[in-house]
Amino acid sequence: LRNCELTGSLDATDARFERAIDFSGTSFRQGFRLNHARIDGRLGLRTARIEGAPAELESVWVGGGVDASQLISQWSLEL
């Protein structure tokens with residue numbers, strides 16, 4: 001989902017991703033949820049925008065690191 005504009009909320013709570021997830025350049029108008037998700041690869045948030053609602057990342061497991069460089073958000077990200 002690179003360089004997309006998501007107008008609704010993305011909910012991937014309890015999801016399992018066996019590879020990387022790349023949201024680089026994506027605008028989240030209503031935030032997103034990855035609570036309790038498992039990402040075996042990298043989580044890419046480079047140049048993403050989080051608006052309208054915060055990103056929820058409670059107890060998310062990321063095996064390949066997080067790239068959040070140049071992320072724009074009015075909320076802090078807590079991993």
Side-chain angles (χ1 to χ4, degrees):
L1 292 172
R2 295 182 70 186
N3 301 310
C4 297
E5 183 172 336
L6 301 177
T7 58
S9 179
L10 172 70
D11 188 352
T13 298
D14 295 317
R16 167 87 190 261
F17 299 93
E18 294 182 0
R19 300 179 191 257
I21 300 175
D22 192 358
F23 295 128
S24 296
T26 296
S27 292
F28 297 92
R29 299 288 182 200
Q30 296 299 317
F32 63 90
R33 289 184 219 64
L34 291 174
N35 297 322
H36 308 284
R38 180 183 172 109
I39 304 165
D40 291 338
R42 184 181 68 84
L43 173 59
L45 293 168
R46 183 180 181 92
T47 68
R49 296 180 71 91
I50 303 170
E51 307 171 44
E56 296 180 25
L57 299 162
E58 180 182 326
S59 298
V60 66
W61 188 90
V62 180
V66 178
D67 179 2
S69 60
Q70 300 176 359
L71 172 73
I72 297 170
S73 177
Q74 63 191 58
W75 297 277
S76 62
L77 274 178
E78 296 181 24
L79 295 171

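A distance of 9.5 Å separates CD in Glu51 from CD in Gln30, rounded to the nearest 0.5 Å. For the atom pair OG (Ser24) and CG (Asn3), the distance works out to 7.5 Å, reported to the nearest 0.5 Å. Atom CD1 of residue Ile39 and atom CD1 of residue Ile21 lie 3.5 Å apart, to the nearest 0.5 angstrom. From His36, atom NE2 reaches atom OG1 of Thr13 across 7.5 Å, with rounding to the nearest 0.5 Å. Here the straight-line distance linking atom CD1 of Ile50 with atom CG of Leu71 works out to 4.5 Å at 0.5 Å rounding. A distance of 12.5 Å separates CZ of Arg49 from CZ of Phe28, quoted to the nearest 0.5 Å.
Shown here are the side chain to side chain contact (heavy atoms under 4.5 Å, CB included) partners of Ser76, two or more places apart in sequence or in another chain: Glu78. Taking the salt bridge (charged side-chain N to carboxylate O under 4.0 Å, His left out) definition, one finds that Arg38 meets it with Asp40, sequence neighbours left out. For the salt bridge (charged side-chain N to carboxylate O under 4.0 Å, His left out) test, residues two or more places apart in sequence or in another chain that qualify with Glu5 are Arg29.
Closest non-hydrogen pair, Ser9 versus Arg33, comes out as OG-NH1, 3.0 Å. Nearest heavy atom pair, residue Ala12 against residue Ala37, reads O-CB, 3.8 Å. The two residues Thr47 and Gln70 come nearest to each other via the heavy atoms CG2-OE1, 3.1 Å.
Between Phe32 and Leu45 there is a side-chain heavy-atom pair separated by less than 4.5 Å. Inter-residue side-chain proximity for Arg46 and Asp22 is flagged as unmet; no heavy-atom pair is nearer than 4.5 Å.
The same ILVMFWY cluster, assembled from side-chain heavy atoms under 4.5 Å apart, contains both Leu43 and Leu77. Both Leu57 and Trp75 are members of a single hydrophobic cluster when ILVMFWY side chains are connected at heavy-atom separations under 4.5 Å.
Counting non-hydrogen atoms of other residues, nucleotides and ligands closer than 6.0 Å to CD of Glu18 gives a total of 12 or fewer.
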